[in-house]
Amino acid sequence: MLNDTIQMIKERSTTHFYQPDKELSVSKINELVDAATSAPTAFNLQNWKFIAVQSSHAKMKLRKFAWNQDKVTDASVIFIVCGVLPDYQAVDERLTPSVKAGILPDDIISSWTDAAKNLYFDFPQRSRDEAVRSATFGASTLILAATSMGLGSTPMIGFDADKIKTELELAEDDIPVMLLAVGYAKAENWSQKIRRPLNDILEII
Ligand SMILES: Cc1cc2nc3c(=O)[nH]c(=O)nc-3n(C[C@H](O)[C@H](O)[C@H](O)COP(=O)(O)O)c2cc1C
C-alpha cells in the first residue's frame, strides 16, 4: 500500500495538451514558487530564479525561442527556471536568518563560507553544475507542488537559452536551465510512460 505522496509521484505524468485560455492566479503562482523553494540547495544558497511568463504577449514572444511548442502559449504559465552561479559571499546573508532563528549555530557561517569558496571560486564548471542542480531541484519540487494542486506540468529543454538570456536581460550569472509549463491538462493526455526496471538502474553496494 503506497502512501499518498508516493501514489501522487507515481501517477504524475508530463502534460502535452493544455486547456488554453485558463489563467492561474498570482496567489497560485506564489504558492507554487514558495513550495519550490523548500527544495534543498548546497549551503542553502538558494541560487535560483523563477520568472513566471503569464501574459499572452510574453508567452507568444517566448514561444518563438521555444521551438514553437504549443504548450508555451496554451499552458497558464511558463516558468523560466534559472540557476544562479553560486557566490560564496552570499552564504552569510542566506544563513543569517537560520542562525537568528536558532536553527544553526553562528560559527557555521564562516565555515560554510570557506567551504563554498574552496568549492566554487575559480571552478567555473563546478559552479555551472551547481546552478543547474539547484534549478533542477526547484523545478522538480514545483512539478510535485503543481501535481498536488491538480495542475499539469511540462519540463522543457526545447528552448534557446542564449536568446532568452539576451531578451530578458538576465545577469551574466543567471543560467536559464529549464522552461516549466504549468496549467490545466486536457483529459486526453498520456499517462506516465513506462520506466526502466529497477534492476537496470539500481545498484546496492
Ligand atoms: C529535462 C527535460 C526536458 C524536456 N523537454 C521537453 C520539451 O522540450 N518538450 C516536451 O514536450 N517535453 C519535454 N520533456 C518531457 C519528457 O518528454 C517527459 O518528461 C518524458 O517523456 C516522461 O514523461 P512522463 O513523466 O509523463 O512519463 C522534457 C523532460 C525533461 C525532464
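Every heavy atom of this structure was used, including side-chain atoms; hydrogens, water molecules and symmetry mates were not. One-based numbering, in listed order, for ligands and for the atoms of each.
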Q. Measuring to protein heavy atoms, does anything land under 4.0 Å from atom 21 (O) of ligand 1?
A.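 Yes, because at least one protein heavy atom sits under 4.0 Å from atom 21 (O) of ligand 1.
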Q. Is any heavy atom of the protein nearer than 4.0 Å to atom 1 (C) of ligand 1?
A.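 No, no protein heavy atom sits under 4.0 Å from atom 1 (C) of ligand 1.
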Q: Output the distance between atom CE (Met149) and atom CG (Leu144), rounded to the nearest 0.5 Å.
A: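 One gets 12.5 Å once the value is rounded to the nearest 0.5 Å.
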Q) What distance separates Ser127 OG from Asp122 CG, expressed to the nearest 0.5 Å? A)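 The distance works out to 9.0 Å.
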Which of the numbered atoms in ligand 1 are below 4.0 angstrom from a heavy atom of [X]?
X: Ser13; result: 26 (O)
X: Gly158; result: 8 (O)
X: Lys71; result: 10 (C), 11 (O)
X: Thr14; result: 15 (C), 18 (C), 19 (O), 23 (O), 24 (P), 25 (O), 26 (O)

(Q) If you define the side chain from C-beta out and look only at heavy atoms, does anything of Thr15 sit under 4.5 Å from Val182? (A)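 Heavy-atom side-chain distance check fails, nothing below 4.5 Å.
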Q) Judged by non-hydrogen atoms, does Arg195 sit under 4.0 Å from ligand 1? A)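 Heavy atoms of Arg195 do come under 4.0 Å of ligand 1.
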Q.
Between the side chains of Asp174 and Lys165, is the shortest nitrogen-to-carboxylate-oxygen separation below 4.0 Å, so that they form an ion pair?
A.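 The answer is no: the pair does not qualify as a salt bridge.
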Q) Between Pro155 and ligand 1, does any nitrogen or oxygen pair lie at a separation below 3.5 Å? A)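 Yes; the residue has a nitrogen or oxygen that sits under 3.5 Å from a nitrogen or oxygen of the ligand.
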Q.
Among all the protein's non-hydrogen atoms, which is closest to atom 5 (N) of ligand 1, and how far away is it?
A.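 For atom 5 (N) of ligand 1, the nearest protein heavy atom is Ile157 N, 2.9 Å.
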**Q.** atom 17 (O) of ligand 1: the protein heavy-atom neighbour that sits closest, reported with distance to 0.1 Å
**A.**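 Its nearest protein heavy-atom neighbour is Lys193 NZ, 4.5 Å.
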**Q.** Step-by-step side-chain hydrogen bond (donor to acceptor under 3.5 Å, both in side chains) determination, Thr73 to Arg63
**A.** CA-CA 7 Å; Thr73 40; Arg63 183 170 162 161; 2.7 Å; yes
Q) Checking side chain to side chain donor-acceptor pair (under 3.5 Å) against Tyr18, which of Asn189, Asp74, Thr154, Asp70 comes through? A)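 Result: among Asn189, Asp74, Thr154, Asp70, Thr154 is the only option passing the side chain to side chain donor-acceptor pair (under 3.5 Å) with Tyr18.
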Q.
If hydrophobic clusters are built from ILVMFWY residues whose side chains come within less than 4.5 Å, do Trp48 and Leu180 share one?
A.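 Same cluster.
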Q: Report the C-alpha separation of Ile109 and Leu95 in whole Å, then their side-chain angles, then the decisive distance to 0.1 Å, and conclude whether the side-chain contact (heavy atoms from CB on, under 4.5 Å) test is met.
A: CA-CA 7 Å; Ile109 294 185; Leu95 293 187; 4.0 Å; yes
Q) Among Gln192, Gln69, Arg12, His16, which one has a heavy atom closest to atom 25 (O) of ligand 1? A)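 Shortest heavy-atom distance from atom 25 (O) of ligand 1: Arg12.
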